[in-house]
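Throughout, protein chains are lettered first and strands after them, A, B, ... in sequence-line order, and every chain is numbered starting at 1.
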Amino acid sequence: MTPQKRLFLIDGMALAYRAHFAFIRNPLLTSDGRHVSAAYGFTKSVLKLIRDEKPEYLAVVFDAKEKTFRHEKYPEYKATREKMPFEMRPQIPWIREIMEAMNIPVFVKSGFEADDVIGTLAVQAQEKGLDTYMVSGDKDFMQLVNDHIFLYSPAVGNKDLVVYTCDEVKKKWDVGPERIVDLLSLMGDSSDNIPGIPGIGEKTAVKLIKKYGSFDLVLEKGQEESNARIRKGIEEHRESGLLSRELVTIKTDVPVELDLDTFQFTGFNEDALRKTLEKMEFYALINELQLGESHEDVEQNYRVLDTRKSLDDFIQKISGEKAFAFDTETDHIDANRANLVGVSLSYQAGQAVYIPLRFLNKENELFDTQDDVVYVLSQLKPLLENDNVLKVGHNIKYDLLVLKKYGVEGKGPLFDTMIAEYLLNPDMTSYKLDHLAQRYLNYKMQSIEELIGDKKSKQITMDKVSLEKAGFYAAEDADITWKLYKILEEKIHKEKLDKIFHDIEIPLVHVLTRMEDNGVYLDVEFLKNMEGEVRDELSKITEKIYDLAGERFNLNSPKQLGYILFEKLKYPVVKKTKTGYSTDVTVLETLKKEYPIAKHLLEYRTLSKLQSTYIETLPKQVNPRTGRVHTSFNQTVAATGRLSSTDPNFQNIPIRTPLGRRIRKAFIAQDKGWKILSADYSQVELRIMAHLSGDERLIQAFLEDADVHARTAALVFGVSEKEITEDMRRKAKVVNFGIMYGAGPFRMSNELDMSRQDAAALIKAYFDTYPGVEKYVENIKKEAAETGMVRTLLGRYRQVPDIRSENRNLRDAAERMAINMPVQGTAADLIKLAMIRVDADMQKKTLKSRMILQVHDELVFETAPDEEDVLCDLVKKDMESAMELDVPLKVDIGIGDSWFEAH
DNA sequence: TACCAAACGTA
DNA sequence: GTACGTTTGGTAG
């Protein structure tokens, strides 16, 4: 007997809801901020269904918008349902679009719910000799199950897939499908607000049905029930039960026609599907479905240059070119620890070469003759150091750093495709090359995991990959980078980002390369001493805490601490996190007046943070080759345009507490007689706010070089500068910063320890004092709403899609971002410009001193004994003149034996 | 092993 | 209220 053909009917809304809530803690967003969790989960599930079941016939059924006969019968029907989450609503049409591209019909029948349509189609399918699978988690469907109709309840969370046959239904409810309606009529359904018979729940309903045989018989004979509650329920709520039965019964006579031709699943409309999925940015799905352009259509003339002759010929050819893309392959992700494995180049779409330097030979031994390396590099060097040739790369700072170790100075004009994409879409979380290839070239790249393995622990390095595979992979990188360059260059221009790109970010690449290469010298001895000191102190505190707690526990575990404080010791709960009790600083600060243990905990927290993040860790980061610590300054992370620093993060070295600040004593110069010089912009963001807003009073304050917080206090509180108290200045400072972050009265009142009304009044007084600032805030919000983006003074932009959201929280958050980004971003542009100037002037004067760190508004240098004065002057002048604003820029400079003294 | 939440360091 | 990165514990896989 040939197996029955199968029809799968998907309960669309149920699946959409499930997908939405599966991602609720971690919603999926597109680059412009659209919620797509439901659409993604939905699509995933449908794909899984197709893959697992290979259905011959398939359709999706949605509820109609209009009210149904159930609402007419019972106005409270589904009245307790929360309305659809706002971020889900726009996804329904997208889901329909995706289904259309998959050639899966979507059914909606006005006046009927999806259940009824599915029921009707299932019955018709049975008549045509098909087996039907109703795809839903809704138990109501069990009433329709028979030998040819099944309920297919997909896996969710830790629950596996269940296909309900008659036996399965019986196993679950102890009664068969034919009694499910009876059961539901008695017990009702709270999610649909179906009353059933009050007082009868699942357990009782099953018992009654088994005892009497059916719902009708329960009504008839229920009066004999010994249990008074049940008897009374049946007597008094008979009507409710009968109504419930009508409501829960799924119709099988909806006027729809099962037309098998349209239900037949024959495969996707690949073109349409790719386009739709691209719109949703479901690149992983596109990959999974292999919807990218097929590789056969793409020209890929990739060659491995494994003889000197072939290399010479290639160099000859490329020498006439004005631009080329290149990529280095190495054996380490950290450029400072990496060995060069090979170099790939491309100057023409579809053409690329790979020059291996380190690879396995036929005997599987590492092959790396020094002669070859020297020869290859000597051939490449003139090319990479040519001031008249454009070098294109993806994250080119990495390649420049690696080449530097081999004596090659990548000089001259650059184009970095990663930075270009970052400027175009500054909010993305990843700018990987394969992602861009998918996005702009609709091309699926060879994944690195295929070469080196996906298990982190078992990964091999590139030099252990066969030459053939490595060659293709590397050549593809160069080829794709070249193709992206052609596209992104155009886009940068179109979006008016040329200035930011060519005058700031690209020149900065060279500066950052030098800074990372310089690294920072640390007084490891000093940190080791500090470590011992702190360790002793920590163990003393630990004992005290154990003593007060009455037991030993893991002090680093907020969970265990929460138990001790709020359950064992029964201290008042101050604040909750989404997983339990909060034990953060504010909580401990509140508790410490009454409960001394909190004071010790605060001390413990501070010390252990310093110990584990800085004191213990920094010495481990010293590079054995250079004896210095080489951080990585990331140019494509912060959406506002700031840099970020990792491995280690040198932009969060403590300064606020005396003990933390001591860590800065470890930041010294390596050579005897050299010093640390620190130069920081004074009040840079407020000055930029003054310029952007054009507020006369604020500008005046800076023109007079006033203490701006004190000045603000005097103006806002209406007193003379002499009458200002410390507290008034403190409050003014909080408001000055709060305004730049877009804070409202609520947050400000917390910070200022005053009522919300008082905070609101203070904000009003602030805006009355600086009307230009208020206007700026209003204007920027308007601009954001009109254009969907905000820009810095130099044109760097950030999209703020949520500015038009219906959701208050999202919209408010977007407004705060919109207010802050031009300020923070312009400050970022400013210091980047300053770095470029300082670096250029240091080169010009061939100073031995080095720029080593940037901390958002501060630059740090190691300075040679005879260069102190000249460097001070140079840095101050370049930083203060980096931008011409309506207010002066002021730079404070300090110099000393360590960062501690310099600051 | 991989990932998240909580906590906390900076401008 | 803005913008980041790291460490730790705890859990899911």
Side-chain angles (χ1 to χ4, degrees), chain A residues 25-26 157-158 426-427 454-458 553-562 575-588 601-602 604-618 621 631-634 637-657 659-661 663-664 680-681 683-686 689 734-752 759 763 777 790 798 800 809 812-825 827-828 831 853-858 903:
Chain A
R25 301 178 67 145
N26 202 1
N158 48 8
D427 267 294
D454 52 357
K455 289 267 196 197
K456 259 236 154 103
S457 55
K458 291 205 168 150
F553 63 101
N554 188 341
L555 281 173
N556 293 321
S557 163
K559 194 180 167 189
Q560 293 180 36
L561 179 60
K575 199 164 75 171
K576 299 205 109 196
T577 66
K578 50 182 151 179
T579 52
Y581 311 108
S582 170
T583 65
D584 69 14
V585 229
T586 60
V587 171
L588 296 176
L601 285 166
L602 282 165
Y604 176 86
R605 282 263 173 85
T606 317
L607 283 176
S608 70
K609 177 79 178 177
L610 294 177
Q611 185 85 311
S612 65
T613 310
Y614 307 102
I615 302 171
E616 284 176 349
T617 317
L618 290 178
Q621 316 251 17
T631 183
S632 176
F633 287 108
N634 200 319
V637 169
T640 52
R642 275 189 177 181
L643 297 177
S644 84
S645 154
T646 54
D647 305 306
N649 180 354
F650 272 147
Q651 293 180 323
N652 72 346
I653 302 301
I655 192 167
R656 286 175 196 179
T657 66
L659 183 78
R661 198 173 191 145
I663 291 172
R664 295 183 172 227
D680 67 288
Y681 280 113
Q683 306 290 6
V684 66
E685 295 199 350
L686 268 178
M689 177 60 103
V734 170
V735 181
N736 269 328
F737 280 105
I739 296 292
M740 281 191 301
Y741 297 150
F746 181 77
R747 184 63 167 87
M748 217 91 97
S749 66
N750 281 336
E751 201 86 7
L752 291 165
I763 294 172
V777 170
V790 286
R798 178 181 190 180
V800 275
N809 288 334
D812 288 353
E815 288 184 358
R816 293 192 296 267
M817 281 183 221
I819 293 166
N820 180 251
M821 186 275 176
V823 181
Q824 194 185 116
I831 196 162
L853 291 175
Q854 187 253 45
V855 192
H856 309 306
D857 63 0
E858 174 188 11
H903 204 284

Between C/dA3, C/dT7, B/dA5, spot the one nearest the side chain of A/S612, thanks. C/dT7

Which of these nucleotides, B/dC8, B/dA6, C/dG5, is closest to any side-chain atom of A/N649? C/dG5

So what does A/S608 touch, heavy atoms closer than 4.0 Å: a base, only the sugar-phosphate, or nothing? nothing

Taking 4.0 Å as the cut-off, does a side-chain nitrogen or oxygen of A/K609 come that near to OP1 or OP2 on C/dT8? no

Side chain of A/T579 only, please: which of B/dA5, C/dA3, B/dG9 is the nearest? B/dA5

Separation of C/dT2 C1' from A/H856 NE2 (nearest whole Å): 12 Å

Output the single nucleotide from C/dG9, B/dA11, B/dA7 whose closest atom is nearest the side chain of A/S582. B/dA7

Winner on side-chain proximity to A/P654, out of C/dT6, B/dT10, B/dA6, is B/dT10

Check every atom of C/dA3, C/dT2, C/dG10 against the side chain of A/S557 and return the nucleotide holding the closest atom. C/dG10

Counting the atoms with a prime plus P, OP1 and OP2 as sugar-phosphate, which does A/I653 contact under 4.0 Å by heavy atoms, base, sugar-phosphate, or nothing? sugar-phosphate

B/dA11 OP1/OP2 closer than 4.0 Å to side-chain N/O of A/R656: yes

At under 4.0 Å between heavy atoms, what does A/V684 touch on the DNA or RNA strands: base, sugar-phosphate, or nothing? nothing

Of the listed nucleotides (B/dA6, C/dT6, B/dA11), which one gets closest to any side-chain atom of A/R642? B/dA11

If only side-chain N and O atoms of A/N556 are considered, is one of them under 4.0 Å from the OP1 or OP2 phosphate oxygen of C/dG9? yes

Any side-chain N or O of A/T640 below 4.0 angstrom from OP1/OP2 of C/dA3? no

Classify the nucleic acid contact of A/V637 as base, sugar-phosphate or nothing, counting any heavy atom under 4.0 Å across all strands shown. sugar-phosphate

Length of the line joining A/L659:CG and B/dC8:P, which is rounded to integer Å: 16 Å

It should be established whether A/R605 places a side-chain nitrogen or oxygen under 4.0 Å from OP1 or OP2 of nucleotide B/dG9. no

Select base, sugar-phosphate, or nothing to describe what A/V734 touches, counting heavy atoms under 4.0 Å on all strands. base

Among the nucleotides B/dA7, C/dG9, B/dA11, whichever has the atom closest to the side chain of A/I655 is B/dA11

Counting only side-chain nitrogens and oxygens, does A/T613 get under 4.0 Å of the OP1 or OP2 atom of C/dG5? no

Name the closest nucleotide to the A/A638 side chain, picking from C/dC4, C/dG10, B/dA6. C/dC4

Nearest-neighbour nucleotide for the A/D584 side chain, C/dT8, B/dC8, C/dT2 considered: B/dC8

Tell me if the side-chain of A/Q824 makes a donor-acceptor pair with the base of C/dT2, cut-off 3.5 Å, by modelled atom types. yes

